[in-house]
Amino acid sequence: MGWTRLEKGTMSLPLKLIAGMAIIGTDIKQARKLLEQGFVIGIPTETVYGLAGNALNLAAVTRIFEVKNRPSFDPLIVHSSSLEKIGRFVREFPLAAKQLAEAFWPGPLTLLLPKTGEVPDLVTSGLDTVAVRIPSHPLSRQLLQELDFPLAAPSANPFGYISPTQALHVQAQLGDKIPYILDGGPSQVGIESTIAGFEGDEVIVYRLGGIAVEILEKVVGKVRVMAHSSSNPKAPGMLKSHYAPRKPVFIGGLTQLMQQFPPEQIGVLPFEKLFEGIPVSNQFILSPEGSTSVAAQQLFAGLRHLDGLPVSVIFAQLLPEKELGRAVNDRLRRAAATE
Ligand code: TXA
Ligand code: MG
């Protein structure tokens, strides 16, 4: 059981926490208290919900890996509320990193920077860089401001499954392993942060995410996108089979699928318009107005919804390869990947 430590005598906590299922609430004080005591909890961010713990507390960080069932070679992002606080953990801040931080923090951007000895190796899986981000969600910002340590937080889903964009998603999947989920409403961006690293003067995007490449390039010029490689990934979030629902996902060949399965067995995730020949109740339109940002916001809730329907397969329509469409397509391709 995830938080048996509670039963061993943290009497200051309300008794109801000992019931076995995470409480969903908006009490920042409660969240703070639990984090200070070394617990791991769900927190909202503008991208997706995070599974947060004190990044400087090895027991808390270990617990994050356990709760998520995440391999220890997959490093965590360190979240903080200010550049000043981050300074303790980062050895070097290249000019391009400063420009990006200034333009997009707080926000859905994670920077890979050389780390200081203050960051436990467990957090970075022994790498000499640390991933850092200042989230913009008001609740997580306030929480981080009040804490005197940073939060290590991966997305609050079991390893390999779809990221959560609502408190209820976290509760459904990890609720029996954590005491509390801070509810900040549905995540506004809906997909994870863009991850950028630096080599010499070059900016390299390792994960497409909430800030579109075109927008990054307005600030730092041309960037190199390495987010599509699947062999020997620098970030395991780059592994092909990731972000996957339990049902098989297909991103092409709806006609063939319809020859193999009756229409009521197919769930469909259209971008803007319903597909003919499939029951309307089996379809989740991402953005009727054709916005890639709205589609990103709806993506994981849509996949989750279809995964929960009595269908055998999910067909997802790729978005135009621009703006957040690239990041959405990246996730759909990984969800459809079989290796
Ligand atoms: O939007 C987000 O980034 C969310 C919210 C909660 O902040 N977090 C998130 O964390 O997506 P996670 O753990 O699900 O994905 C972080 C990715 C992983 O693929 C990890 O391998 C990569 O970041 N990463 C972390 N530290 C790294 C490092 N030092 N070098 C390379 N990749 C790193
Ligand atoms: Mg994740």
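Position 1 is the first residue of the sequence, and the numbers go up from there. Whatever order the structure lists them in is the order used to number ligands and atoms, beginning at 1.
Near Ala131, meaning under 4.0 Å from one of its heavy atoms, ligand 1 places the atoms 25 (C), 26 (N), 27 (C). Near Ser193, the atoms of ligand 1 lying under 4.0 angstrom from a non-hydrogen atom of the residue are 1 (O), 2 (C), 3 (O). The ligand atoms of ligand 1 that sit less than 4.0 angstrom from a heavy atom of Ile77 are 3 (O), 8 (N), 9 (C), 10 (O), 16 (C). Below 4.0 Å from some heavy atom of Glu192 lie the following atoms of ligand 1, by number and element: 1 (O), 2 (C), 11 (O). Atoms of ligand 1 found under 4.0 Å from any heavy atom of Arg70 (numbered from 1 in listed order, with element): 12 (P), 13 (O), 14 (O), 18 (C), 20 (C). Every atom of ligand 1 with a heavy atom of Thr47 under 4.0 Å away is listed here by number and element: 1 (O), 2 (C), 4 (C), 5 (C). Residue-ligand proximity, Ile195 to ligand 1, at heavy-atom distances under 4.0 Å covers atoms 17 (C), 22 (C), 23 (O). Near Thr129, meaning under 4.0 Å from one of its heavy atoms, ligand 1 places the atoms 28 (C), 29 (N), 30 (N).
For residues 278-287, the pairs satisfying side-chain hydrogen bond (donor to acceptor under 3.5 Å, both in side chains) are Ser287-Glu289, with sequence neighbours left out.
Hydrophobic side-chain contacts under 4.5 Å tie Val268 into a cluster, directly or through other members, with Phe250, Leu254, Leu257, Met258, Phe261, Ile266, Phe275, Ile278, Val313, Phe315.
Looking at ligand 1, you'll find an N or O of His79 within less than 3.5 Å of one of its N or O atoms. Taking only nitrogen or oxygen atoms, main chain and side chain alike, Thr124 does not reach within less than 3.5 Å of ligand 1. An N or O contact shorter than 3.5 Å links Arg133 to ligand 1 by distance. For the pair Lys68 and ligand 1, the shortest N or O to N or O distance does not fall below 3.5 Å.
Ion pairing between Glu118 and Lys85 fails under the 4.0 Å rule for side-chain N and carboxylate O. Ion pairing between a basic and an acidic side chain is recognised when a charged N comes within 4.0 Å of a carboxylate O; Glu46 and Arg133 show such pairing.
Defined by atom type and a distance below 3.5 Å, a donor-acceptor pair is missing between the side-chain atoms of Ser155 and Glu192.
With Phe39 as the aromatic partner, Arg63 does not meet the cation-pi criteria of under 6.0 angstrom to the ring centre and within 45 degrees of the ring axis.
For the pair Ala153 and ligand 1, a heavy-atom separation below 4.0 Å is found.
With Asp307 contributing its side chain and Lys247 its backbone, the two residues share a donor-acceptor pair below 3.5 Å.
Contact between Arg331 and Phe300 at its shortest, heavy atoms only, is CD-CZ, 3.7 Å.
Other residues, nucleotides and ligands place more than 12 heavy atoms under 6.0 Å from the CG atom of Asp27.
Among Leu127, Ile43, Val48, the residue whose heavy atom lies nearest to atom 4 (C) of ligand 1 is Val48.
Not a single N, O or S atom of Ser163, from either the backbone or the side chain, sits less than 2.8 Å from the Mg ion (ligand 2).
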Task: Check against side chain to side chain donor-acceptor pair (under 3.5 Å), Thr292 and Arg326 - done: CA-CA 9 Å; Thr292 58; Arg326 280 181 79 175; over 6 Å; no
